[in-house]
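Have a look at the structure below before the remarks.
In this chain, residues are counted from 1 in sequence order.
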Amino acid sequence: MLKSLRFRLNGKLVEIEGREEQPVLDWLRDDTGLTGTREGCREGDCGACLALLGRRNLEGTGIEWVPAATCLLALGELDGRALITVEGLAVEGPTPVMRALHVENASQCGFCSPGVAVALSHFLLAEGPRDEAAAVASVEGNLCRCTGYASISRAARALSSDFSGLPLDFPTRLAALAARGVFPPALAATMQDLPEPASADPGGSPPLGSSPPIGGGTDWYVRNTDPAPGLSPRFVGRDPELRFIETRGSGDGATLALGAGVTVADFFASEAVRAAAPGIERFEALVASPHIRARATLAGNIANASPVADLTAMLLALDARLVLSGASGARELALADFFLGYKKTALDGDGIIETILLPAAPRAFSFEKAARRERLDIAAVNTALSLAVDSGGAMRGVIVSAGGVGPVPLLLRKAAAALEGRKPSAHAFREAMEAARAEVAPISDVRGSAEFRKRVLGRLLAAHALRLFPGGFSVEELLA
């Protein structure tokens, strides 16, 4: 539906009456003539439509800039925010990022090049390491049919070297990037604050009837590429009351509460989450691409009810509970009880997942997935395992989850029982592997046969054992 919107586009204030449900990609190309943002897959998979989105950070204390696939970004989400397209970067001519791509012959037809340039510009702007691996990882969500990827990787590595000494402090880093032409100085001057939104209620009213709740839009807009005029979404990801990570209570009963607007990137970056599941951040790269992780929400991953959702498998193993709100009020239930059948959930028709609750006490954690590609792929099977080890060396509170082996994500209670109270051993894990294979009923599909999935599940449990107890036993002992 039409709504008053106020935001910055390439540093300039824009005030419009716009269709809030319209994809930003279409508005850019059809209404503003900024056609450097390219229409490719319309599913967030190719990176051709990337732009930089400026928004409040999770803590609400400052501004963060994230890469966003504009085919999955609603125009209404720009209210009170800022957007930078490739034209905004190049207003004074080719930037160092663009020149690096040119020098390394990383563009032929040029269709994908704007998105690659945006992704690498974000790499230089964002917090985090400046090494070659991080540079190459920053363009993982960008596809190119012409060059192969060696030339793009060379350009990324060259930039990581040329800009290795960037300051850690954001204002100082931004000033350094502006001085070197990565961002035009006039644009950089606007990147540390945001305009006031035209709407006093950034999250929108509670959804009713045909008004869907949208988190990052990374699933909804794939299924609704051209939403009908008149739709009035509730933008959950914009609601500051729903984007938080906080610790509630203290001691052994402390709980982590994560709001519905928490993104995948927020989750893995959280020090509180990392304390509850030490090492969990190592699994972030196995989930989607950088620009999808920056926008997709944990609540959306759960509500999608995919039998093989990676974040759902992790949260099941972390003993997650949900707070649901809807027409009947608020209620709490275990995540495992949320899934009623294939793509069927316990949500009321117009309800949302308001909060995700996790025990805050530290637990050993492992996640594994089997897919055709190591990155950027849907798993054939995934699984997570968490446990504590008592003073006598026995495993306690064992939780094993699995996806891709039934119509819904599962807790493997028999596999967990085979490990509970026992000291880690190859024999104990072999029994857990057998129990896991016996309690699942996968189907055969394009990603693998039922028998393949059962065998893979057992192998992934062996991988958990090797990850959590390195040196405790050998692969040969586990698979004997």
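Formation of a donor-acceptor pair under 3.5 Å by the T190 side chain with backbone atoms of L187 is found in this model. For the pair D79 (side chain) and P197 (backbone), a donor-acceptor distance under 3.5 Å is absent. The closest donor-acceptor contact from the side chain of S121 to the backbone of A117 lies under 3.5 Å. Between the side chain of E21 and the backbone N or O of M1, at least one donor-acceptor pair lies under 3.5 Å.
A68 approaches H291 most closely through the heavy-atom pair N-CB, 4.5 Å.
In this structure, OG on S270 lies 11.5 Å from CD on E246, to the nearest 0.5 angstrom. Atom CG of L28 and atom SG of C71 lie 11.5 Å apart (nearest 0.5 Å). The CG atom of N304 sits 8.5 Å away from atom OG1 of T218, with the distance rounded to the nearest 0.5 Å. Distance check: T263 OG1 to L298 CG gives 8.0 Å after rounding to the nearest 0.5 Å. Distance check, rounded to the nearest 0.5 Å: CG of L286 to CG of L376 gives 10.0 Å. Between the OG atom of S325 and the CG atom of L242 there is a distance of 8.0 Å, given to the nearest 0.5 Å.
Atom CD of E241 is surrounded by 12 or fewer heavy atoms from other residues, nucleotides or ligands within 6.0 Å. Other residues, nucleotides and ligands contribute over 12 non-hydrogen atoms within 6.0 Å of the CZ atom of R6. Within a 6.0 Å sphere centred on CZ of R282, other residues, nucleotides and ligands contribute more than 12 heavy atoms. Heavy-atom neighbours of I378 CD1 from other residues, nucleotides or ligands within 6.0 Å: at or below the threshold of 12. Heavy atoms of other residues, nucleotides or ligands lying less than 6.0 angstrom from CZ of R223 number more than 12. Heavy atoms from other residues, nucleotides or ligands lying under 6.0 Å from CD of E374 number 12 at most. Heavy atoms from other residues, nucleotides or ligands lying under 6.0 Å from NZ of K12 number 12 at most.
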Test side-chain hydrogen bond (donor to acceptor under 3.5 Å, both in side chains) on S160 and D131 and set out the steps.
CA-CA 6 Å; S160 72; D131 56 33; over 6 Å; no
Check the pair F123, W65 against ring-ring contact (aromatic ring centres under 6.0 Å, His included), reporting the backbone distance first and the verdict last.
CA-CA 10 Å; F123 161 70; W65 287 88; over 10 Å; no
Criterion side chain to side chain contact (heavy atoms under 4.5 Å, CB included) on E59 and F244, from CA distance to verdict:
CA-CA 7 Å; E59 297 78 17; F244 62 86; over 6 Å; no
One pair to check against side chain to side chain contact (heavy atoms under 4.5 Å, CB included): L124 and H122. What are the steps and the verdict?
CA-CA 5 Å; L124 297 178; H122 176 261; over 6 Å; no
Take E20 and S232 through the side-chain hydrogen bond (donor to acceptor under 3.5 Å, both in side chains) test and state the conclusion after the steps.
CA-CA 7 Å; E20 60 177 343; S232 181; 3.2 Å; yes
Do E140 and S289 pass the side-chain hydrogen bond (donor to acceptor under 3.5 Å, both in side chains) test, and can you show the C-alpha distance, the side-chain angles, and the key distance before you say yes or no?
CA-CA 6 Å; E140 281 187 348; S289 63; over 6 Å; no
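Between W220 and F235, the distance separating the two ring centers is not shorter than 6.0 angstrom.
Checking K3, R55, R295 one by one against E77, the salt bridge (charged side-chain N to carboxylate O under 4.0 Å, His left out) holds for a single residue, R295.
Using a cut-off of 4.0 Å between Lys/Arg side-chain N and Asp/Glu carboxylate O, R42 and D26 are scored as salt-bridged. Between R363 and D319 no salt bridge is recorded (no basic side-chain N to carboxylate O distance below 4.0 Å). Note on R8 versus D193: salt bridge recorded, some NZ/NE/NH1/NH2 to OD/OE distance being below 4.0 Å. Of the charged side-chain nitrogens involved, at least one lies within less than 4.0 Å of a carboxylate oxygen, so that E368 and R467 count as a salt-bridged pair. Looking at D239 and R234, a side-chain N of the basic residue comes within less than 4.0 Å of a carboxylate O on the acidic one, giving a salt bridge.
Considering only heavy atoms from C-beta on, L174 comes within 4.5 Å of F183 through its side chain. When side chains are defined from C-beta on, P23 counts as touching P227, because their heavy atoms get closer than 4.5 Å. Between E127 and E64 the shortest side-chain heavy-atom distance does not fall below 4.5 Å. Counting heavy atoms from C-beta on, the side chains of L387 and L468 come closer than 4.5 Å. Proximity of Q192 to F170: side-chain heavy atoms (C-beta onward) are separated by under 4.5 Å at one or more points. Put simply, the side chain of T383 reaches to within 4.5 Å of the side chain of L457, judged on heavy atoms. Between T355 and L322 there is no side-chain heavy-atom pair separated by less than 4.5 Å. Contact of the N57 side chain with the I63 side chain is not registered, since no non-hydrogen atoms from C-beta on lie closer than 4.5 Å.
A cation-pi arrangement, defined by a distance under 6.0 Å to the six-membered ring centre and an angle within 45 degrees of its axis, is present between R180 and F163. Annotation: cation-pi pair R38/F111 present, NZ/CZ under 6.0 Å from the ring centroid and within 45° of its normal.
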